[in-house]
Amino acid sequence: MKNIGLKDADSAAPYIDTGLLTGWLNRTDLARELTLSVDTLQRWETRRIGPPCVRVGRKVLYRMEAVRDWLRDQEARKAGVSRAVAGRR
């Protein structure tokens, strides 16, 4: 007879997607999507210059729509600076 430990019993349970976190990314997934390191996202959070995030216990979650808005804002800032510099020349 095979003994099953608690760890084995938990991993044997099927994963059920409840859809609760649909539209949210964890830090690792966002870093992979933006081709950044997890450390970069941590530094941005500390400096408050990165995409908005929410902490749930030790997990850090990013709402996809908020990240898209943050990216658009970054793009608009860069385009705005370019126009201002071009106007001075």
Can you list the residues that meet the side-chain contact (heavy atoms from CB on, under 4.5 Å) rule with D39, with sequence neighbours excluded?
-> S37, Q42, R43
side-chain hydrogen bond (donor to acceptor under 3.5 Å, both in side chains) with R72: which residues, sequence neighbours excluded?
-> D69
Give a yes or no on whether V56 and L41 share a hydrophobic cluster (residues Ile, Leu, Val, Met, Phe, Trp, Tyr; joining criterion: side-chain heavy atoms under 4.5 Å apart).
-> no
Q74 atom CD, over 12 foreign heavy atoms within 6.0 Å | yes
Do any pairs count as a ring-ring contact (aromatic ring centres under 6.0 Å, His included) and have a residue in residues 33-59, sequence neighbours left out, and if so which ones?
-> W44-W70
Give, for atom CG of L34 and atom OG1 of T40, the distance between the pair rounded to the nearest 0.5 Å.
-> 10.5 Å
Check whether M64 and L71 end up in the same hydrophobic cluster, where Ile, Leu, Val, Met, Phe, Trp and Tyr are linked by side-chain heavy atoms less than 4.5 Å apart.
-> yes
hydrophobic_cluster_shared for L36 and V60, side chain cutoff 4.5 Å | yes
Just distance, no hydrogens or angles: give the donor-acceptor pairs under 3.5 Å from side chains in residues 23-31, sequence neighbours left out.
residue : atom : partner : partner atom : Å
N26     : OD1  : T28     : N            : 3.2
N26     : OD1  : D29     : N            : 2.8
R27     : NE   : Y62     : OH           : 3.3
R27     : NH2  : E45     : OE1          : 2.2
D29     : OD1  : R32     : NH1          : 3.2

Salt bridge (Lys or Arg N to Asp or Glu O under 4.0 Å) filter on R68, not counting sequence neighbours, yields E65
Which residues pass the salt bridge (Lys or Arg N to Asp or Glu O under 4.0 Å) test with R48, sequence neighbours left out?
-> none
